[in-house]
Amino acid sequence: MQLNARVPSGPLEKKWDKHRFEMKLVNPANKRKFDIIVVGSGLAGASASATLGELGYNVECFCFQDSARRAHSIAAQGGINASKNYQNDGDSTFRLFYDTIKGGDFRSREANVYRLAEISSNIIDQCVAQGVPFAREYGGLLANRSFGGAQVSRTFYARGQTGQQLLLGAYQALQRQIAAGKVAMYPFTEMLDMIVVDGRARGIVVRNLATGELRSHVGDAVVLATGGYSNIFYLSTNAKGCNVTATWRAHKRGAAFANPCFTQIHPTCIPQSGEYQSKLTLMSESLRNDGRIWVPKQVGDPRKARDIPEAERDYYLERLYPSFGNLTPRDVASRRAKEAVDEGRGVGEAENGVFLDFRDAVTRLGREVVAERYGNLFDMYRQITGESPYEVPMRIYPAPHYTMGGLWVDYNLMSTLPGLFVVGEANFSDHGANRLGASALMQGLADGYFVLPYTIGDYLAGADLSAVDVSHAECRKVEEESEQRLKRLLGVNGSRTVDSLHRELGSMMWDNCGMSRNETSLRETLSRIPELRDEFWKDMRVTGRGRDLNQTLEKAGRVADFLEFAELMCIDALQRDESCGAHFREEHQTDEGEARRNDEQYAYVAAWEFTGVWSEPKLHKENLVFENVELAQRSYK
Amino acid sequence: MKLTLHVWRQQNAGAKGGFETYEARDIGPDMSFLEMLDVVNEGLIKEGKEPIAFEHDCREGICGSCGMVINGNPHGPKKAISSCQLHMRTFADGDKIWIEPWRAKAFPVRKDLVVDRSALDRIIQAGGFISVRTGSAPDANAIPIPKENADSAFDAATCIGCGACVAACPNASAMLFTAAKVAHLGALPQGQPERYERVRNMVAQMDAEGFGYCTNHGACQTACPKEISIDFIAQLNRDMMRAFFTSR
Ligand SMILES: Cc1cc2nc3c(=O)[nH]c(=O)nc-3n(C[C@H](O)[C@H](O)[C@H](O)COP(=O)(O)OP(=O)(O)OC[C@H]3O[C@@H](n4cnc5c(N)ncnc54)[C@H](O)[C@@H]3O)c2cc1C
Ligand code: SF4
Ligand code: FES
């Protein structure tokens, strides 16, 4: 396996332009001769499918929900970044680029990140033209807010439902292409495996979730836009269906997996309330603009929040980071919350949260202003916990939220498997070791609307592909393998439910490969994962039939893949013997408990090659070269 | 708490369905309604039975996947939430709960509580979009939009496409869903060129899918988890009139 990032030569700000000129074009009349398979209809997949269809390609788009509009992107709340500088506060392409590189703790590729910042403005234009109802000022122009600790206001938003509005924009563009006959949509369909012919990605095997039928789809290129894998932790802020299956299957067929241990933990989620909790709910980060985070000074303090006097409260973020206070980046805020709870100062019945208190905000701004800013979030919190944040402080705790790791891609967003492109959260490309708030939506749409449609043309124009149809022997073979695997899942007939095994894997990963990691516990986890995997294949139970709507079977397939992938995550975390961004190795911290990077040895992307379920994966390194920024220690004091 | 559930079970679209009774034990007030069903389902699997099929994904009221009629109310007894946002503290120990799928001719049952809602996608395909090529958009601030128009567009655009309005309507009409999209795009300058064409085509598709006619019953608005207002239906009707007079 060779890693060639294909970064164009020349100055940073000219690279994308130059590359666009140098890429081969597909003649308009020839575009209809190419078939492209897109798996996923979130921001990345829907925008890519719509744009490719519009350009004239034949597109087939797949998603497992019953409608393309329900992809997990719909749940994004806070907003989307763009360096428009509408607020005249000094934003620029270079500043957004710099903030993203620095926020990612210098573990991402300069050229990709610069291109992202460059394209960000076009995204907003495109979305507004589609009718996305972003927030506006009274003069009728677009409003912005500052988000996730950024020092400029570059975040565009649509109340607390930005992801929904952006996705509906892309979904509507997609529906338009479906009506025009350029995209064939396959909702309620799950990709189970990848078809590779002559070393190139040529198709997928899918299962119709309504009938259980398996079938192959082939094309000239395959695009994965299948989102992130936070659900490896069982409890996360992600939708229940989010999975690693598509990317893991592609990995097993030759696509390198990059930085799997880079997973982001979001600091402000509602803590777990019981054993049967099925997911965690995010409370928008914007709450940290006015809420103050604290825990009691005293360990095990039994009093109610309002009975604890000011002097006995520890506003630990304000104490430790006087200049950023409650607005420190996600990874820092999360780790400090964990520390407080681990010390026994956690709040709530289960002592598993910290307070996010609006008492002072209500005094300072009045209840009305607070309601206007956060009313819908307060209602949501009350809905779930039965408590009103106007009366008692919210309880929050960090939760798995986003995965920076993903399939390795070059500058063209192509993986190490030729013909396989990866966009959105599914790839590893732009966020390094930590993603900034409001940048995932930006990246998904940049990839789908403005990058992939060009780069895929360059591949198709030069690929010289042989004709492949669904009767090809390779299709038959992969279909048969998928069939056998489903049979195996159905045949175990043990005593444990898939959920109980998933919960066990999740808590193991959360404790040992979550917010902080160390060598001893990673090694121990690495020995326990195969045991759990064994138990899964010996003792789990799927009822019902294969040729039918069978949600337990779907779940079992996804958990089986998580059980393999978990090992790679731990191996990666072990290998990266430094702390950076969201990857915190306890062995590597400063005296003040901050992450200590090791640029000399670890300024690389770890791209793993699959060698077998029971054998060690092979590490390939893409060294990161920083020509335009100086590597600095992050400081938020 | 302990509850008795009467759940609609149906093997597939062709099969005849019926209610089955289950006991839900050890249910806590902080559990969500879907978590309560998870518990029941884990129990069923352990007994070697097929769990109750129901759709869900985000479990926070935004994806529109979940949807069931609970004690006769789409999304349950509480206002302005979807089924996944309902919590067990709404119920009391010993309650009996009836759970059924959306019932409408245009939403055939796939299995148990899962119905096929693809008709809603096809209504959008008929015109629920603005035709703009990727890359051809002017600067986002080139056209100022009065805040109240933008806000009204947003209010309509919050529809999650769940189909509760159809399930609530005695005529199984998809008018609220359709009107919400027509109103969203119609409130914006970008949506004007296709405005009348859009409403005509979307309403025609709605009819073709077998949804019923709107008789201003208003049950849709009560059931809607996003509180989409029936005022949008009046607006759709006005646009339809205009479309009629400006027809090709
Ligand atoms: C609660 C929450 C709030 C967030 N808020 C923000 C925010 O404010 N700003 C921001 O920038 N980011 C935010 N994020 C992150 C952001 O929403 C996601 O990273 C982004 O939407 C991912 O988009 P995507 O298109 O890559 O994937 P997704 O939207 O996850 O879409 C994945 C698609 O792939 C399909 N799929 C997956 N596997 C298969 C398979 N095996 N077979 C067939 N189809 C498959 C799914 O059906 C779906 O259509 C938030 C995330 C969460 C969880
Ligand atoms: S209008 Fe309301 S009830 Fe109808 S689909 Fe939209 S959100 Fe659901
Ligand atoms: S599961 Fe998404 S709205 Fe209920």
Side-chain angles (χ1 to χ4, degrees), chain A residues 50-51 54 65-70 72 74-75 84 86 122 124-126 128-131 133-134 136-142 158-159 161 164-165 168 172-173 175-176 178-179 187 210 239-241 273-274 276-279 281 383-384 386 449-450 453 495 497 499 541 543-544 549 551-552, chain B residues 28-32 34-35 38-39 42 45-46 48-51 53 55-60 62-65 81 85 87 89 110-111 114 116-118 120-121 124-126 128-135 137-141 144-147 150 153-154 157-158 161 184-185 188 190-191:
Chain A
T51 304
E54 196 176 85
Q65 292 91 349
D66 76 332
S67 164
R69 67 182 290 152
R70 309 200 200 285
H72 168 59
I74 201 92
K84 281 277 195 189
Y86 280 161
N122 303 347
I124 304 303
D125 299 343
Q126 183 65 26
V128 166
Q130 289 170 342
F134 283 122
R136 288 181 182 265
E137 298 162 353
Y138 282 99
L141 300 179
L142 291 160
R159 280 184 223 160
Q161 287 152 249
Q164 180 196 31
Q165 294 310 317
L168 290 180
Q172 285 163 204
Q175 300 308 303
R176 178 171 159 247
I178 295 171
K240 289 294 283 176
S273 74
Y276 285 105
Q277 183 106 16
S278 58
K279 75 157 293 187
T281 304
Q383 194 75 254
I384 294 172
Y449 282 133
F450 297 109
S495 67
T497 62
D499 275 337
R541 179 157 205 176
T543 54
L549 195 163
Q551 293 170 324
T552 321
Chain B
D30 287 335
M31 271 185 194
S32 74
L34 302 191
E35 282 165 357
D38 289 343
V39 171
E42 286 208 71
I45 294 169
K46 283 198 173 140
K49 297 188 181 136
E50 273 200 71
E55 277 195 84
H56 64 95
D57 201 24
C58 73
R59 295 203 173 194
E60 51 187 57
I62 193 74
C63 74
S65 295
I81 55 168
Q85 293 173 292
H87 279 73
R89 64 181 77 88
R110 280 182 163 144
K111 185 171 187 168
V114 180
D116 178 354
R117 288 172 289 192
S118 53
L120 298 181
D121 286 330
I124 301 294
Q125 281 157 29
F129 47 74
I130 288 170
S131 301
V132 51
R133 242 190 344 273
T134 304
D139 183 85
N141 259 347
I145 301 176
K147 189 173 181 315
F154 180 88
T158 56
H184 160 207
L185 300 176
L188 299 169
Q190 291 86 347

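A, B, ... follow the sequence lines: proteins, then strands. Residue 1 opens every chain.
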So, the part of Glu42(B) with a heavy atom under 4.5 Å from chain A: the answer is both
Test item: Arg136(A) side-chain N/O and Lys147(B) main-chain N/O as donor-acceptor pair under 3.5 Å:
no
Pick one of side chain, backbone, both or neither for Gln130(A), based on which atoms fall under 4.5 Å of a heavy atom in chain B.
both
Using heavy-atom distances under 4.5 Å, tell me whether Ile145(B) contacts chain A through its side chain, its backbone, both, or neither.
both
Check each atom of Ser65(B) against the heavy atoms of chain A and say whether the ones under 4.5 Å are side chain, backbone, both or neither.
both
Mind checking the CD-OG1 spacing from Glu60(B) to Thr281(A)? Nearest 0.5 Å is all I need.
5.0 Å
Answer with side chain, backbone, both or neither: which region of Ile45(B) has an atom nearer than 4.5 Å to a non-hydrogen atom of chain A?
both
Tell me whether Gln165(A) contacts the main-chain N or O of Phe154(B) through its side chain, where contact means a donor paired with an acceptor under 3.5 Å.
no
Can you name the nearest heavy-atom pair linking Thr543(A) to Pro51(B), along with the distance?
OG1-CD, 3.4 Å
With a 4.5 Å cut-off on heavy-atom pairs, point out which of Gly191(B), Gly135(B), Ala153(B), Pro146(B) contacts chain A the most.
Gly135(B)
Given heavy-atom pairs under 4.5 angstrom as the criterion, report whether the side chain, backbone, both or neither of Asp38(B) touches chain A.
side chain
Below 4.5 Å from any heavy atom of chain B, which atoms of Asn122(A) appear? Answer side chain, backbone, both or neither.
neither
Between Asp57(B), Ile130(B), Asp116(B), who has the most heavy-atom pairs with chain A when the cutoff is under 4.5 Å?
Asp57(B)
Donor-acceptor contact present, side-chain Lys279(A) to main-chain Cys58(B), <3.5 Å:
yes
Given Pro133(A), Pro453(A), Ala68(A), the one with more heavy-atom pairs under 4.5 angstrom with chain B than any other is Pro133(A)
Side chain, backbone, both or neither of Gln126(A) within contact of chain B (heavy atoms, under 4.5 Å):
both
Heavy-atom distances under 4.5 Å only: say whether Ile81(B) touches chain A with side chain, backbone, both or neither.
side chain
Flag side-chain contact, heavy atom, 4.5 Å: Gln172(A) against Leu185(B)
yes
Pick from Gly28(B), Ala126(B), Gly161(B), Ser32(B): which one has the most heavy-atom pairs with chain A under 4.5 Å?
Gly161(B)
Between Val39(B) and chain A, which part of the residue has a heavy atom less than 4.5 Å away: side chain, backbone, both or neither?
side chain
Under a 4.5 Å heavy-atom cut-off, does chain B meet the side chain of Leu141(A), its backbone, both or neither?
both
Regarding Ser67(A) and Arg117(B), is there a side-chain donor-to-acceptor distance under 3.5 Å anywhere?
no
Side chain from CB out, backbone as N, CA, C, O: work out which of these in Gln383(A) comes under 4.5 Å of a heavy atom of chain B, or both, or neither.
both
Under 4.5 Å, counting heavy-atom pairs only, tell me which of Leu34(B), Thr158(B), Leu120(B), Leu188(B) racks up the most with chain A.
Thr158(B)
Close side-chain approach of His184(B) and Leu168(A), heavy atoms under 4.5 Å
no
Honestly, the part of Leu549(A) sitting under 4.5 Å from a heavy atom of chain B is both
Contact origin within Arg59(B) toward chain A - heavy atom pairs under 4.5 Å:
both
